A.B. asks: 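Take a look at this one; I'll ask things after.
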Amino acid sequence: MCKLFINADPELWVSRTHSLRIDGMVTSVRMENAFWQALAELAERDGMNLPQMITRLYHESIDVGHDLGNFTSFLRVCALRYLELQLSGDVPVDTRVPIASLDADRILATKSPEPAMPKLVSKARH
């Protein structure tokens, strides 16, 4: 089991900092390259660059009342959720299909309110 993770490209867990401007304020976000890669793919699907998509995620989250005290964690979860939705088949693996073209309400309606990650952890304990 561990060989699958230990022999992965070490560049995946190297942290990289991106600086961007949101509402005139410069902010820096530091994450591992694996998260940046997932977010970059997600942005590209809808014709945005990474700073544009991150700014949009920030604004839309604030608009619905989320507290983004730990914005970097929010972005990591966005990357993981994107990959999870691909695995479940709710988001096509074909990156030519824009995320904006998907029926988000339908996808959300089919998902249980419980996050998937605790299910994975609880299964691993048994």
Side-chain angles (χ1 to χ4, degrees):
M1 174 193 97
C2 294
K3 189 174 186 178
L4 290 171
F5 307 105
I6 292 169
N7 290 339
D9 182 358
E11 282 298 310
L12 292 172
W13 65 78
V14 171
S15 291
R16 195 171 63 194
T17 302
H18 283 263
S19 293
L20 58 134
R21 187 176 301 270
I22 299 176
D23 296 337
M25 298 290 295
V26 175
T27 187
S28 294
V29 178
R30 184 171 183 79
M31 291 188 294
E32 295 75 16
N33 285 332
F35 291 108
W36 287 121
Q37 288 173 4
L39 291 172
E41 179 179 296
L42 179 55
E44 187 176 317
R45 288 181 80 136
D46 281 357
M48 291 182 270
N49 62 37
L50 202 49
Q52 288 170 328
M53 188 202 60
I54 290 172
T55 300
R56 185 168 180 177
L57 283 170
Y58 177 83
H59 285 135
E60 289 183 10
S61 295
I62 294 299
D63 289 346
V64 297
H66 290 302
D67 175 11
L68 293 179
N70 191 338
F71 190 55
T72 302
S73 290
F74 168 73
L75 292 174
R76 283 189 183 103
V77 170
C78 288
L80 288 174
R81 179 123 173 96
Y82 169 62
L83 297 173
E84 175 189 25
L85 289 168
Q86 282 185 318
L87 286 173
S88 70
D90 291 306
V91 169
V93 176
D94 183 351
T95 58
R96 295 172 296 180
V97 177
I99 298 298
S101 72
L102 303 176
D103 185 348
D105 291 330
R106 183 198 56 78
I107 293 169
L108 291 170
T110 63
K111 297 295 172 197
S112 68
E114 181 182 320
M117 291 307 289
K119 288 181 195 173
L120 295 174
V121 172
S122 65
K123 286 180 183 175
R125 289 186 189 146
H126 294 1

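Because the structure is a prediction, the values reported are computed rather than measured.
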A.B. asks: Using the rule that two of Ile, Leu, Val, Met, Phe, Trp, Tyr join whenever any of their side-chain heavy atoms come within less than 4.5 Å, decide whether Val91 and Leu87 are in one cluster.
C.D. replies: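 Val91 and Leu87: separate clusters.
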A.B. asks: Quick one: closest heavy-atom pair of Arg45 and Thr95, and the distance?
C.D. replies: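 Closest approach of Arg45 to Thr95, heavy atoms only: CG-O, 3.4 Å.
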A.B. asks: Should the pair His18 and Trp36 be assigned to parallel (<30°), tilted (30 to 60°) or perpendicular (>60°) ring geometry?
C.D. replies: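 The arrangement is tilted - the two ring planes meet at 30° to 60°.
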A.B. asks: Could you give the distance from CZ (Arg76) to CG (Leu80), rounded to the nearest 0.5 Å?
C.D. replies: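 Going from CZ on Arg76 over to CG on Leu80, the span is 9.5 Å.
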A.B. asks: Cluster question for you: counting only ILVMFWY and a side-chain heavy-atom cut-off of under 4.5 Å, with indirect links fine, are Ile22 and Val77 together?
C.D. replies: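 Shared cluster, no.
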A.B. asks: Applying side-chain hydrogen bond (donor to acceptor under 3.5 Å, both in side chains), can you list everything that pairs with Asn70, at least two apart in sequence or on another chain?
C.D. replies: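 Testing Asn70 for side-chain hydrogen bond (donor to acceptor under 3.5 Å, both in side chains), a comparison that skips the adjacent residues, returns Ser73.
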A.B. asks: Same cluster or not: Phe35 versus Val14, using hydrophobic residues (I, L, V, M, F, W, Y) connected whenever any side-chain heavy atoms lie under 4.5 Å apart?
C.D. replies: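 They do not share one cluster, since no chain of ILVMFWY contacts under 4.5 Å joins Phe35 to Val14.
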A.B. asks: Rounded at 0.5 Å granularity, tell me how far CD1 in Ile6 sits from NZ in Lys3.
C.D. replies: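 The CD1 atom of Ile6 sits 10.0 Å away from the NZ atom of Lys3.
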A.B. asks: My understanding is that only residues two or more places apart in sequence, or in another chain, count here; which of them pass side-chain hydrogen bond (donor to acceptor under 3.5 Å, both in side chains) with Arg96?
C.D. replies: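 If we apply the side-chain hydrogen bond (donor to acceptor under 3.5 Å, both in side chains) test to Arg96, skipping adjacent residues, the hits are Asp94.
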A.B. asks: In terms of hydrophobic clustering (I, L, V, M, F, W, Y; side-chain heavy atoms under 4.5 Å; direct or indirect links), are Ile54 and Ile62 co-clustered?
C.D. replies: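 Yes, it is one cluster - the side chains of Ile54 and Ile62 are joined through contacts under 4.5 Å.
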A.B. asks: Would you compute the distance between atom CG of Leu42 and atom SG of Cys78 and round it to the nearest 0.5 angstrom?
C.D. replies: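 So the gap between those two atoms works out to 8.0 Å.
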A.B. asks: Are the side chains of Thr72 and Arg30 in touch, meaning some heavy atoms are under 4.5 Å apart?
C.D. replies: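 No, every pair of side-chain atoms sits at 4.5 Å or beyond.
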A.B. asks: Can you name the nearest heavy-atom pair linking Asn49 to Ala43, along with the distance?
C.D. replies: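 Here Asn49 and Ala43 meet closest at O-CB, 3.8 Å.
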A.B. asks: From Leu57 CG over to Leu39 CG, what is the distance, rounded to the nearest 0.5 angstrom?
C.D. replies: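 The CG atom of Leu57 sits 7.5 Å away from the CG atom of Leu39.
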A.B. asks: For the atom pair CG (Leu20) and CG (Leu50), what is the distance rounded to the nearest 0.5 Å?
C.D. replies: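 With rounding to 0.5 Å, CG (Leu20) is 8.0 Å from CG (Leu50).
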A.B. asks: Can you name the closest pair of heavy atoms from Gln86 and Glu41 and give their distance?
C.D. replies: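 Nearest heavy atoms, Gln86 then Glu41: NE2-OE2, 3.5 Å.
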A.B. asks: Is the number of heavy atoms from other residues, nucleotides or ligands under 6.0 Å of Glu44 CD greater than 12?
C.D. replies: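 No, not enclosed.
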A.B. asks: Can you find a heavy atom in the side chain of Thr55 that is under 4.5 Å from one in the side chain of Arg21?
C.D. replies: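 Not in contact.
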A.B. asks: Just so I know, are the side chains of Ser88 and Ile107 near enough to count as touching, which here means a heavy-atom distance under 4.5 Å?
C.D. replies: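 Contact flag for Ser88/Ile107 side chains = no.
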A.B. asks: Got a sec: does the CZ of Arg16 have more than 12 other heavy atoms crowding it under 6.0 Å?
C.D. replies: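 Yes, because the 6.0 Å sphere around CZ of Arg16 holds more than 12 heavy atoms from other groups.
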A.B. asks: Please check this pair: side chain of Asp9 against backbone of Leu12, looking for a donor-acceptor N/O pair closer than 3.5 Å.
C.D. replies: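 The answer is no, because no donor-acceptor pair under 3.5 Å joins these two groups.
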A.B. asks: Among the clusters formed by ILVMFWY side chains lying less than 4.5 Å apart, do Leu83 and Trp13 turn up in the same one?
C.D. replies: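 No; Trp13 is not reachable from Leu83 via cluster members.
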A.B. asks: Which pair of non-hydrogen atoms, one from Ser101 and one from Pro98, has the smallest distance, and what is that distance?
C.D. replies: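 Shortest heavy-atom separation between Ser101 and Pro98 comes out as OG-O, 2.6 Å.
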A.B. asks: Hey, does Met53 have a side-chain heavy atom less than 4.5 Å from the side chain of Asp46?
C.D. replies: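 Answer no - side chains too far apart.
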A.B. asks: If every non-hydrogen atom of Ser61 is compared with every non-hydrogen atom of Phe74, which pair is closest and at what distance?
C.D. replies: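 It is OG-CZ, 3.0 Å.
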